[in-house]
Amino acid sequence: MDKVYKHPRIGEVLLRQRWTTSRISLSVKSTGEVRLSYPRLVSTAKALRFLEEKVEWVLQMRARVAEKVMPSSDYSPAQIEELRREAKRTLPAMVERLARQYGFSYGRVTIRATRSKWGCCTSQNNLSLSLFLMTLPTHLQEFVVLHELCHTVHHNHSAEFHALLNRVTGGREKELNRQLKGIRKNLRFRKGTTADIGRIMELVADAQSWFRRNNIDQWQDGFPTEKIILSDIEDRVNYLIECNGVIVAMVVIIFGEEPTYKVIKGKGWLNDSPYAVVHRIAVADDHRKKGIAREIMHFVEELCIERGVSDIRIDTHEDNIAMRSMLTKLGYKYCGVVTMESGAPRVAYQKSNIH
């Protein structure tokens, strides 16, 4: 049976006494949660003495977890204050809206510059939220808020807590938690601006060089030009990905029909449903093989869910094996060959029933 013990320095500790447990053990989860597990034949008093001996270790492990989970410390005082103002404008209203939607009751909402965790809920059901939530996509901000609101009902991480959180997130608790853990990469998505054009063209050059090194005849004719990128920015379809405040990747996401997709040779599109189009993914050379392209595709899915669009279409060069492999692993289906305006053929993929 699980129960919660409140330690004066550590805070809440989940006590788990099991017949299947052979020894006393401590663990610190990625959320900062502390678990103390011990056998049925060991008294709670003895287990708590063990905890007391390991307090400094727990605090050190929490600090290490915080470094991985929370955003980089490379924020100036001015940037932190801007995040604080944005958080105060946004988060209390988000808490009120979600609490009303799902029937939660809570006390006060405070905004702090906490780096050890995204948020917490006190025994009086007061919520404390980190201003660094503003570095997350909106859907993950809402996930954190719902996580803390669920703690107003269950002040632990019991099975009942996870069942409630899973219900209010539409059965997506594990997926959203996976994404939140993915923030260990310190990624932030935002719209591109004309001030970013220099860095964007550096990303394009990196991509062109990578294609050339791998004998892929893609983007070798000067595409995409600065004019095309500026048009993407003007149309607000250019997204940039920052890691620790540095732009490391870009992508173009368009909601609407792609003219070159009207004719396809081969199997054909999976359906005629409205779709999002993904173009022009480019990752900086020093950030390759870090899973950023995969995170970009997850971000596209979240935008689709927010807009009520259930399909994504994308094309790539036939020889771009890395991209084709990733798309297949993410559940995309090969549909055939489309022809670009330049006359170049591209293999096309689609993912359907996104929810």
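Source: prediction; values computed, not measured.
Side-chain atoms of Glu202 do not come within 3.5 Å of backbone N or O of Ala284 as any donor-acceptor pair. No donor-acceptor pair closer than 3.5 Å links the side chain of Asn214 to the backbone N or O of Ile216. A donor-acceptor contact shorter than 3.5 Å links the side chain of Asn156 to the backbone of Ser158. Asn126 places a side-chain N or O within 3.5 Å of a backbone atom of Arg108 that can act as its donor or acceptor partner. Side-chain N or O atoms of Ser130 include one that pairs as donor or acceptor with a backbone N or O of Thr114 at under 3.5 Å. Under the 3.5 Å distance criterion, the side-chain polar atoms of Gln208 are matched with a main-chain donor or acceptor of Phe223. Without hydrogens or angle criteria, Gln350 side chain to Leu270 main chain gives a donor-acceptor distance under 3.5 Å. For Gln220 (side chain) and Gln218 (main-chain N/O), a donor-acceptor pair under 3.5 Å exists by modelled atom type. Asn238 contributes no side-chain N or O that, together with a main-chain N or O of Asp232, makes up a donor-acceptor pair within less than 3.5 Å.
Summarising the geometry of Val144 relative to Leu136, their closest heavy-atom pair is CG2-CD1, 4.5 Å, with the distance given to 0.1 Å. The heavy-atom pair separating Asp311 from Ser352 by the smallest distance is OD2-OG, 2.8 Å. Between Ala207 and Ala282, the shortest heavy-atom distance links the atoms CB-CB, 4.1 Å. Closest heavy-atom contact between Arg23 and Thr21: O-CG2, 3.1 Å. Heavy-atom minimum distance, His151 versus Cys121: CB-CB, 3.6 Å. Closest approach of Ile296 to Ala249, counting heavy atoms only: CD1-CB, 4.2 Å.
Both Phe189 and Val300 are members of a single hydrophobic cluster when ILVMFWY side chains are connected at heavy-atom separations under 4.5 Å. No path of Ile, Leu, Val, Met, Phe, Trp and Tyr side chains, each step under 4.5 Å between heavy atoms, connects Ile200 with Val283, placing them in separate hydrophobic clusters. Under the 4.5 Å side-chain contact rule for hydrophobic residues, Leu133 and Ile111 share a cluster. Linking ILVMFWY residues whenever their side-chain heavy atoms come closer than 4.5 Å, directly or via other members, places Leu140 and Val109 in the same cluster.
Within the cation-pi definition used here (under 6.0 Å to the ring centroid, within 45° of the axis), Arg313 does not qualify as a partner of Tyr261.
Sorted by first and then second residue, the side chain to side chain donor-acceptor pair (under 3.5 Å) pairs with a member in residues 324-347 read Arg324-Tyr349; sequence neighbours excluded.
To the nearest 0.5 Å, atoms NZ (Lys351) and CE (Met297) are separated by 8.0 Å. If you take CD1 on Ile228 and CD1 on Ile233, they are separated by 12.5 Å, rounding to the nearest 0.5 Å. To the nearest 0.5 angstrom, Thr193 atom OG1 is 10.0 Å from Arg236 atom CZ. With rounding to the nearest 0.5 Å, the separation of CD1 in Ile229 from CZ in Arg280 is 6.0 Å.
No side-chain donor-acceptor contact under 3.5 Å links Asn353 and Ser310. Side-chain polar atoms of Thr44 and Tyr38 form a donor-acceptor pair below 3.5 angstrom.
His147 and His157 have tilted rings, their planes meeting at an angle from 30° to 60° on a 0 to 90° scale. Classification of the Phe104-Tyr102 ring pair by plane angle, with boundaries at 30° and 60°, yields tilted.
The ring of Phe299 has its center closer than 6.0 angstrom to the ring center of Tyr239.
Looking at His7 and Val55, their side chains come closer than 4.5 Å, going by heavy atoms from C-beta outward.
Taking Thr169 as the reference, Phe143, Leu146, Leu165, Asn166, Glu173, Leu176 meet the side-chain contact (heavy atoms from CB on, under 4.5 Å) condition, with sequence neighbours excluded. With sequence neighbours excluded, the residues forming a salt bridge (Lys or Arg N to Asp or Glu O under 4.0 Å) with Glu56 are Arg9, listed by chain and number.
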